[in-house]
Protein chains: 2
Amino acid sequence: MDILNNLESKNISKGIILLHQGENCSVAYKVLKGCLRSYVIDKSGKEHILQFAPEGWFISDMDSFFNNKPSNTFIDTIEDSKVLLITKQELGSFEKLDKETLIEQNERLFRNLISTNKRLINLLSSTAEERYIDFIETYPTLLHRLPLKLIASYLGMTPEYLSEVRRKLAKK
Amino acid sequence: MDILNNLESKNISKGIILLHQGENCSVAYKVLKGCLRSYVIDKSGKEHILQFAPEGWFISDMDSFFNNKPSNTFIDTIEDSKVLLITKQELGSFEKLDKETLIEQNERLFRNLISTNKRLINLLSSTAEERYIDFIETYPTLLHRLPLKLIASYLGMTPEYLSEVRRKLAKK
DNA sequence: GATAAAAATTAAGGTATCTTAAGAAATTAC
DNA sequence: GTAATTTCTTAAGATACCTTAATTTTTATC
């Protein structure tokens with residue numbers, strides 16, 4: 001995807017909100033350094049993390065980006081980060097993409113879908129403890145890099161309960 | 001996607017398992033009549049439904065189909081159904097697809113991803129009652145067509161609890 | 001290196017949802 | 001149209017997970 005070669009990179013310090021819920025998302029980010037996340041805030045004010053994007057990952061509100069709708073999600077930096085910005089003009093519509101780019105896009109969507117589905121199965125069928133163990137095995141480096149309260153949010157439990165889960169596991 | 005025009009259709013009566021967990025999935029189904037579902041069975045023997053596929057929908061274990069792996073899911077008919085079978089030979093690899101088909105595939109993956117993400121957010125941030133209400137609004141026809149115990153499974157709750165949720169809603 | 005801020009833990013009490021089991025209602029089969 | 005099967009509901013007791021709030025530990029700031 002040689003589009004990416006021409007883009008400028010941007011440094012963003014930790015804690016900056018790049019996209020607000022309700023805004024139209026006009027950019028996708030490719031993370032070169034650091035880590036971003038996307039999340040929603042529910043009616044009772046609680047945050048729920050949809051995705052972590054460390055080095056090499058893309059992050060965006062795809063529905064908002066491609067379909068020009070107000071986004072459901074927030075995106076912010078959870079570490080000092082360096083990102084590439086991909087705007088809609090640069091990416092263009094599906095129709096304008098060349099075949100190679102379409103295939104890459106296809107594969108990316110595909111991998112994303114498989115992992116989202118795996119996470120869905122996890123939420124439907126596993127306990128908090130099982131989900132935590134699975135996270136450790138799937139993202140061992142993130143575990144030591146991110147605050148546990150963010151991991152708890154990603155896993156769909158409170159930090160207090162994750163703490164209890166970890167204590168029980170340590171005893172074993 | 002003119003591939004589909006040449007395929008033969010097949011009638012399958014209710015309750016037939018078309019794909020077992022662990023098998024390699026060599027076919028994708030397009031549903032012409034009736035309804036299929038995909039589901040997993042967890043360690044404790046409970047079923048969790050990932051997808052309903054009524055008329056017009058595609059269903060398959062994509063990870064197994066495209067990556068030639070044992071499937072994580074079961075697929076079966078939940079009504080007497082008529083389906084088109086799409087085999088790997090017919091679809092071919094990504095590389096061999098023409099541009100138009102790639103774009104369609106892209107859009108399908110894309111829509112799928114957006115709805116899977118919506119469901120994920122729902123599971124992370126909504127109560128059982130909220131999820132049920134959302135289901136009614138999103139799939140009003142399925143509600144009257146499918147047994148409630150299947151809907152409960154899709155929504156991530158027990159049929160007994162769904163029953164309680166419905167009773168409480170009826171009182172309002 | 002002291003102070004402030006953020007993250008993690010602990011514990012008590014509460015609530016949403018599950019489990020089990022039984023009965024009622026609806027559907028299917030003969 | 002009766003029996004058999006499946007689905008749906010009800011209710012009591014159990015449990016996973018949450019809430020709140022206080023304490024400890026770690027990290028960031030000057």
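Values below: all heavy atoms of this structure, side chains included; hydrogens, waters and symmetry mates excluded. Predicted, not measured: the structure shown is a model, and the values here were computed from it. Below, read A as the first sequence line, B as the second, and so on, with proteins coming before strands; counting in each chain starts at 1.
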S.K.: Grab the CG-P distance between B:L148 and D:dT10 for me, whole Å please.
M.R.: 12 Å
S.K.: Taking all non-hydrogen atoms of both residues, which atom of B:K88 and which atom of B:S64 are closest, and how far apart?
M.R.: NZ-O, 4.2 Å
S.K.: Evaluate side chain to side chain contact (heavy atoms under 4.5 Å, CB included) for A:E164 paired with A:E160, printing each intermediate quantity in order.
M.R.: CA-CA 7 Å; A:E164 192 179 329; A:E160 293 83 359; over 6 Å; no
S.K.: How many Å lie between CZ on B:R145 and P on D:dT7, as a whole number?
M.R.: 16 Å
S.K.: Just jot down the ring-ring contact (aromatic ring centres under 6.0 Å, His included) partners of B:F135, sequence neighbours excluded, or say none.
M.R.: B:Y139, B:Y154
S.K.: B:K168 NZ to D:dT9 P: how many Å, rounded?
M.R.: 14 Å
S.K.: Determine to 10° how strongly the helix from C:dG1-D:dC30 to C:dC30-D:dG1 is bent, judged from the axes of its five-pair ends.
M.R.: 60°
S.K.: B:T77 and side-chain contact (heavy atoms from CB on, under 4.5 Å): which single residue from B:I16, B:V83, B:I17, B:V31 fits?
M.R.: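 Single side-chain contact (heavy atoms from CB on, under 4.5 Å) partner of B:T77 among B:I16, B:V83, B:I17, B:V31: B:I16.
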S.K.: When you check the phosphate oxygens OP1 and OP2 of D:dC8, does a side-chain N or O of B:R166 lie under 4.0 Å from one of them?
M.R.: no
S.K.: Minimum heavy-atom separation for B:H20 to B:S71, with atom names?
M.R.: O-OG, 3.3 Å
S.K.: Once you round to the nearest 0.5 Å, how far does CG of A:D42 lie from CD of B:E130?
M.R.: 8.0 Å
S.K.: Do the side-chain N or O atoms of A:R167 get closer than 4.0 angstrom to the phosphate oxygens (OP1, OP2) of C:dT9?
M.R.: no
S.K.: What distance separates B:S38 OG from B:L18 CG, expressed to the nearest 0.5 Å?
M.R.: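 Between B:S38 OG and B:L18 CG, I get 11.5 Å after rounding to 0.5 Å.
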S.K.: Would you jot down, in residue-number order, the residues of residues 74-82 of chain A having a non-hydrogen atom under 4.0 Å from DNA chain D?
M.R.: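 Those residues: none at all.
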S.K.: Can you classify the ring geometry of A:F74 versus A:Y39 as parallel (below 30°), tilted (30 to 60°) or perpendicular (above 60°)?
M.R.: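 If you compare the ring of A:F74 with that of A:Y39, the planes turn out parallel.
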S.K.: Please give me every residue in residues 124-132 of chain B whose heavy atoms get under 4.0 Å of an atom in DNA chain C, ordered by residue number.
M.R.: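 B:T127, B:A128, B:R131 - these, ordered by number, are the residues of the stretch whose heavy atoms sit under 4.0 Å from the strand.
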S.K.: Pick from B:K43, B:H48, B:K46: which one makes a side-chain contact (heavy atoms from CB on, under 4.5 Å) with A:S125?
M.R.: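 Only one option passes, and that is B:H48.
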S.K.: Going hydrophobic residue to hydrophobic residue with side-chain gaps under 4.5 angstrom, can you get from B:I121 over to A:F65?
M.R.: no
S.K.: Enumerate the residues from residues 151-164 of chain A whose closest heavy atom to DNA chain C is under 4.0 Å, giving them by residue number; use none for an empty result.
M.R.: A:E160, A:S163
S.K.: Expected output is a numbered-order residue list: members of residues 45-55 of chain B with a heavy atom under 4.0 Å from any atom of DNA chain C. What is it?
M.R.: B:K46
S.K.: Determine, using the 4.5 Å side-chain heavy-atom cutoff (strictly less than), whether A:M62 and B:L109 are members of one ILVMFWY cluster.
M.R.: yes
S.K.: Establish whether A:L150 and A:L143 are linked, either directly or via other cluster members, by ILVMFWY side-chain heavy-atom contacts under 4.5 Å.
M.R.: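 Linked within one cluster.
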S.K.: Considering non-hydrogen atoms only, spot the tightest contact between B:L124 and A:G156 and give its length.
M.R.: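 Answer, listing the atom of B:L124 first, then A:G156: CD2-CA, 3.6 Å.
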S.K.: With a 4.0 Å cut-off on N to O distance, would you call B:D134 and B:K118 a salt bridge?
M.R.: yes
S.K.: One pair to check against side chain to side chain contact (heavy atoms under 4.5 Å, CB included): B:D80 and B:N11. What are the steps and the verdict?
M.R.: CA-CA 8 Å; B:D80 292 341; B:N11 287 301; over 6 Å; no
S.K.: Flag yes if B:L36 and B:L85 sit in one hydrophobic cluster, no otherwise; membership is Ile, Leu, Val, Met, Phe, Trp, Tyr, and two members link when side-chain heavy atoms are under 4.5 Å apart.
M.R.: yes
S.K.: What is the distance, rounded to the nearest whole Å, between atom NZ of B:K149 and atom C1' of C:dT27?
M.R.: 13 Å
